[in-house]
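Structure first, commentary second.
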Amino acid sequence: MEMVHGGKIILGLKINLILFYIGAAGDCNISVSQQPYLEVDYTQEAVTIQCSFSTAGCPLEKPMSLWFRYGAHLPENLCLHGCRNERGKFIVHEALAQSQVSLTVNRVAFNDSALYICGIAFPSSKEPRAKRTGEGTMLVVRETKLLGKKLQSFLIALLSLLSIYIIGVLMIFTVLSKSKSNTVRNKETEDSQKKKSARRIFQEIAQELYNKRHVETSQQPEKGNTYENRRVLSKYERP
């Protein structure tokens with residue numbers, strides 16, 4: 001943090017020197033304000049840094065807007081040629097009548113994290129306050145939101161796959177349950193038929209035994225009577 005503060009002081013001195021060599025003469029006072037902190041996700045296509053200013057006692061000419069960047073390396077002078085190309089890395093938009101200027105950073109990357117300083121100057125004035133800079137906007141490009149999106153996408157995909165898996169398992173379980181039920185039912189039917197068949201055979205055998213026994217029982221008296229009759233006849237036939 002001390003390093004950044006020291007860098008801001010050095011950068012301010014350099015910017016003041018640059019602004020000093022721009023100016024000429026007059027009584028002018030400028031005030032510049034910027035958003036102190038701006039955090040973005042690097043998946044954004046572009047980010048715009050706003051700068052507003054006010055003037056008092058300045059020449060009627062249009063002021064000049066300047067942009068500087070202080071990052072991990074040496075301070076950079078941005079948009080010395082105006083940055084009007086919409087396809088460029090930086091684009092400057094000026095609404096001087098509304099006392100507004102902005103810097104758009106395209107194709108945001110991690111190395112775009114830096115302190116962006118807006119400067120306003122009237123070249124024809126030598127007054128110290130006719131060349132002023134804001135305190136800068138600290139732009140921080142982070143990956144956390146991207147990781148959040150990736151994690152969210154991963155969780156959605158995982159939940160989708162899990163849902164498909166659960167549906168598949170339920171379908172397989174349903175098919176196996178029906179198949180098992182049919183098998184048990186068929187087995188029960190087969191066992192029932194076997195029991196009925198065995199019962200029928202047993203009944204037939206019992207009926208056959210009963211019939212034989214009944215026949216034998218009914219034939220025994222007849223045999224006894226025949227024997228007695230034969231004995232009586234043989235007795236009377238003797239002389």
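Bear in mind the structure is a predicted one, so any value in this text is a computation, not a measurement.
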Heavy-atom side-chain contact between L38 and Y116 under 4.5 Å: no
Separation of K131 NZ from L66 CG (nearest 0.5 Å): 11.5 Å
Test item: side-chain donor near acceptor, S65 and E94, under 3.5 Å: yes
Closest contact, heavy atoms only, V105 versus V108: O-CG2, 3.7 Å
Contact check, side chains of I49 and F90, non-hydrogen atoms, under 4.5 Å: no
Atom pair CZ/CZ of R107 and R87 - distance to nearest 0.5 Å: 10.5 Å
Student check: side-chain heavy atoms of V32 and C51 closer than 4.5 Å: yes
Side-chain donor-acceptor pair present, S102, T48, cut-off under 3.5 Å: no
Residue among V169, L162, I164 satisfying side chain to side chain contact (heavy atoms under 4.5 Å, CB included) with I166: L162
Validation row: I91, N106 side chains within 4.5 angstrom (heavy atoms): yes
Trace of the side-chain contact (heavy atoms from CB on, under 4.5 Å) decision for Q50 with Q100: CA-CA 8 Å; Q50 300 291 342; Q100 295 283 337; 4.3 Å; yes
For the student: nearest non-hydrogen atoms of P63 and I120, plus distance: CB-CG2, 3.8 Å
Over all atoms of both residues, closest heavy-atom pair of I30 and R132: O-CG, 3.1 Å
Pairwise side-chain contact, N29 with T55, heavy-atom cut-off 4.5 Å (strictly under): no
D112/R69 salt bridge by N-O under 4.0 Å criterion: yes
Any side-chain heavy-atom pair of S52 and S33 under 4.5 Å: yes
Exam field: side chain K62 to backbone L96, donor-acceptor pair closer than 3.5 Å: no
Validation row: S54, S31 side chains within 4.5 angstrom (heavy atoms): yes
Distance (rounded to the nearest 0.5 Å) between L103 CG and W67 CH2: 5.0 Å
Gap between atom OH of Y165 and atom OG of S163 - 0.5 Å precision: 13.0 Å
Heavy atoms of other groups near Y37 OH, more than 12 under 6.0 Å: yes
Atom pair CZ/CD of F122 and E61 - distance to nearest 0.5 Å: 6.5 Å
Intermediate values then yes/no, side-chain contact (heavy atoms from CB on, under 4.5 Å), C79 and V92: CA-CA 7 Å; C79 301; V92 173; 3.5 Å; yes
Distance in Å, N77 CG paired with F68 CZ, rounded so as to fall on 0.5 Å steps: 5.5 Å
Side-chain cluster (under 4.5 Å, hydrophobic types only) that V175 belongs to, other residues: none
Lys/Arg-Asp/Glu bridge criterion (N-O < 4.0 Å) met for E39, R142: yes
Contact check, side chains of C118 and T133, non-hydrogen atoms, under 4.5 Å: no
